[in-house]
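Working notes for the structure below.
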Protein chains: 2
Amino acid sequence: MAVDRLYSLLERLGNLLRTEERAAGLRHGLQPVHLQALRYLQSCNRYSNTPAALTEYLGLTKGTVSQTLLLLEEKGLLRKEADTEDRRVVHLHLTDAGRTVLKEAIPPALFKQALAGLPGGGEALEEALTGLLRGVQAANAQRSFGACSTCKHFRREGPGRFRCGMTQEPLSREDSVLLCREHEAVPPGH
Amino acid sequence: MAVDRLYSLLERLGNLLRTEERAAGLRHGLQPVHLQALRYLQSCNRYSNTPAALTEYLGLTKGTVSQTLLLLEEKGLLRKEADTEDRRVVHLHLTDAGRTVLKEAIPPALFKQALAGLPGGGEALEEALTGLLRGVQAANAQRSFGACSTCKHFRREGPGRFRCGMTQEPLSREDSVLLCREHEAVPPGH
DNA sequence: CGCATTTAGTATCGAGTCGATACTAATTCG
DNA sequence: CGAATTAGTATCGACTCGATACTAAATGCG
């Protein structure tokens, strides 16, 4: 049955990818999940750099993520900052050391190589996976973490000038490509 | 960059899948890797039901897999059998209890649901993922674990009668769909 | 043949993940 | 104002995983 084959494929690719990542993080003393957390923090926007958002992104429990963050903070790869509005909330920022580690440890060389042999540079694959992820998230009542500019709250106000229709805050061109926790896809037919 | 997005997608899907699997195995006291091992043993052929083959399939070290197998044996989900030819080799067989657990714990309900919403039933996705896996394996000097009937050593001898050109053993129709450790893809253009 | 090498597998150890449970503090809701 | 919710932390135990070291069987090479 096709579903079972697909399941196996994704599972195996996930395993191999994690094994790769384990090796990549080894000389920094980092586990796969640590690199994943750092990468998320690198690519999320200022509404989404919190433990809660990361928890949902990774699909783990908040206790588990709290531990992970503790370790990354001890290693000096990230820094915590209290929110000024809501004093329960903590914002996570990569330190220079964190960014350096990411640059060194992330390039999935083996993976890039495999991708190069794919027809069309993997465009079709990306599209299909995006759809699948969306489906899994919908079935799981999870957030999508899409890029800001693809959100239904995204407003264009001029060349390089944007605004979030939800928070009313202005957004730069750089902001617009970051992942947002509050992201909601534009409904089909727009 | 497209490679980075693809990497993230696969990583996230892998995470969510593992979280699902963790929940599924919970009431049997099984971890994701245990279910993966059982599933492999269910779908591999008689040349490939060994610790070494499983080790390569999962991409772990042989020590780690040895431990996993010990646990599964203690739980009565599989049974070890010495090879009669090569006395170093052990063959792994699912017990009835093992098969029962698989039937109960595997159905990735959430996943099937997500897949149903995919255009074309995921045919395109399966093809693309297969290609990617092949690429990763090639880059890693790993075996492919394809179905027997798609191997270059597979010989048709009549309706429902086949033979492995490597071991010269006859193969049944059931054999021909199982995963083989010695699998080698038919070179393109055949 | 006979000794080195390779291969299959196991044993043991320590670092670390992860979920579960229980907790605090701040916010929101009625 | 008080109850419920939300963000986050602390602690614990079961378990994974790689590293290292080991045994036993098979193979290869002089």
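Computed from heavy atoms alone, side chains included, the values below leave out hydrogens, waters and symmetry copies. Residue numbers begin at 1 in each chain, while the letters A, B, ... track the order of the sequences.
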Exercise. Under the 3.5 Å rule, do the base of C/dG19 and the side chain of A/T64 count as making a donor-acceptor pair?
Worked result: yes
Nearest-nucleotide pick for [X], side chain only, options being [options]:
X: B/A52; options: D/dC17, C/dG9, C/dT17; value: C/dG9
X: B/D86; options: D/dA26, D/dT16, D/dC17; value: D/dA26
X: B/R181; options: D/dG8, C/dA20, C/dA8; value: C/dA8
X: A/R18; options: C/dA8, D/dC17, D/dA10; value: D/dC17
X: B/L60; options: D/dC17, D/dA26, D/dG8; value: D/dC17
X: B/V33; options: D/dT16, C/dA8, C/dA20; value: D/dT16
X: B/R22; options: C/dA8, D/dG8, C/dG19; value: C/dG19
X: A/R87; options: D/dT16, D/dG8, C/dA26; value: C/dA26
X: A/Q67; options: D/dG8, D/dC15, D/dT11; value: D/dT11

Salt bridge [X]-[Y], side-chain N to carboxylate O under 4.0 Å:
X: B/R18; Y: A/E11; value: no
X: B/E73; Y: B/K80; value: yes
X: B/R5; Y: A/E126; value: yes
X: B/R46; Y: B/D175; value: yes

Using atom [atom1] of [X] as one end and atom [atom2] of [N] as the other, report the distance to the nearest whole Å.
X: A/E56; N: D/dA7; atom1: CD; atom2: P; value: 9 Å
X: A/D83; N: C/dT27; atom1: CG; atom2: P; value: 9 Å
X: B/L78; N: C/dG9; atom1: CG; atom2: C1'; value: 15 Å
X: B/L16; N: C/dC18; atom1: CG; atom2: P; value: 13 Å
X: B/E21; N: C/dC18; atom1: CD; atom2: C1'; value: 15 Å
X: A/L35; N: C/dG16; atom1: CG; atom2: C1'; value: 14 Å
X: A/L92; N: D/dG8; atom1: CG; atom2: C1'; value: 11 Å
X: B/L26; N: C/dG19; atom1: CG; atom2: P; value: 10 Å

Problem set entry | A/L69 vs B/T68, nearer the 5' end of DNA chain D by closest nucleotide |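 Looking at DNA chain D, the more 5' nearest nucleotide goes with A/L69.
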For this session: Starting from the 5' end of DNA chain D, give me the residue, A/T19 or B/Q31, whose nearest nucleotide shows up first.
Result: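 Residue closer to the 5' terminus by nearest nucleotide: B/Q31.
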Short side-chain N/O contact from [X] to OP1 or OP2 of [N], under 4.0 Å:
X: A/H34; N: C/dT17; result: yes
X: B/K80; N: C/dT10; result: yes
X: A/R88; N: D/dT6; result: no

Exercise. For A/T50, which contact category applies under a 4.0 Å heavy-atom criterion: base, sugar-phosphate, or nothing?
Worked result: sugar-phosphate
Show me the donor-acceptor pairs within less than 3.5 Å that the side chains of residues 28-35 of chain A make with the rest of the protein, sequence neighbours left out.
{"from": "A/H28", "atom 1": "NE2", "to": "A/E104", "atom 2": "OE1", "distance (Å)": "3.3"}
{"from": "A/Q31", "atom 1": "OE1", "to": "A/R22", "atom 2": "NH1", "distance (Å)": "3.2"}
{"from": "A/H34", "atom 1": "ND1", "to": "A/Q31", "atom 2": "N", "distance (Å)": "2.9"}

Seminar exercise, completed: Per nearest nucleotide of DNA chain C, the residue lying toward the 5' end, B/S66 or A/G59, is B/S66
Exercise. When the nearest nucleotide of DNA chain C is assigned to A/K75 and to B/K62 on a heavy-atom basis, which residue is associated with the more 5' position?
Worked result: B/K62
Distance-only donor-acceptor hits, side chain of residues 53-61 of chain B, under 3.5 Å, sequence neighbours excluded:
{"from": "B/T55", "atom 1": "OG1", "to": "B/P51", "atom 2": "O", "distance (Å)": "2.8"}
{"from": "B/E56", "atom 1": "OE1", "to": "B/R143", "atom 2": "NE", "distance (Å)": "2.9"}
{"from": "B/T61", "atom 1": "OG1", "to": "B/T64", "atom 2": "N", "distance (Å)": "3.4"}
{"from": "B/T61", "atom 1": "OG1", "to": "B/T64", "atom 2": "OG1", "distance (Å)": "3.0"}

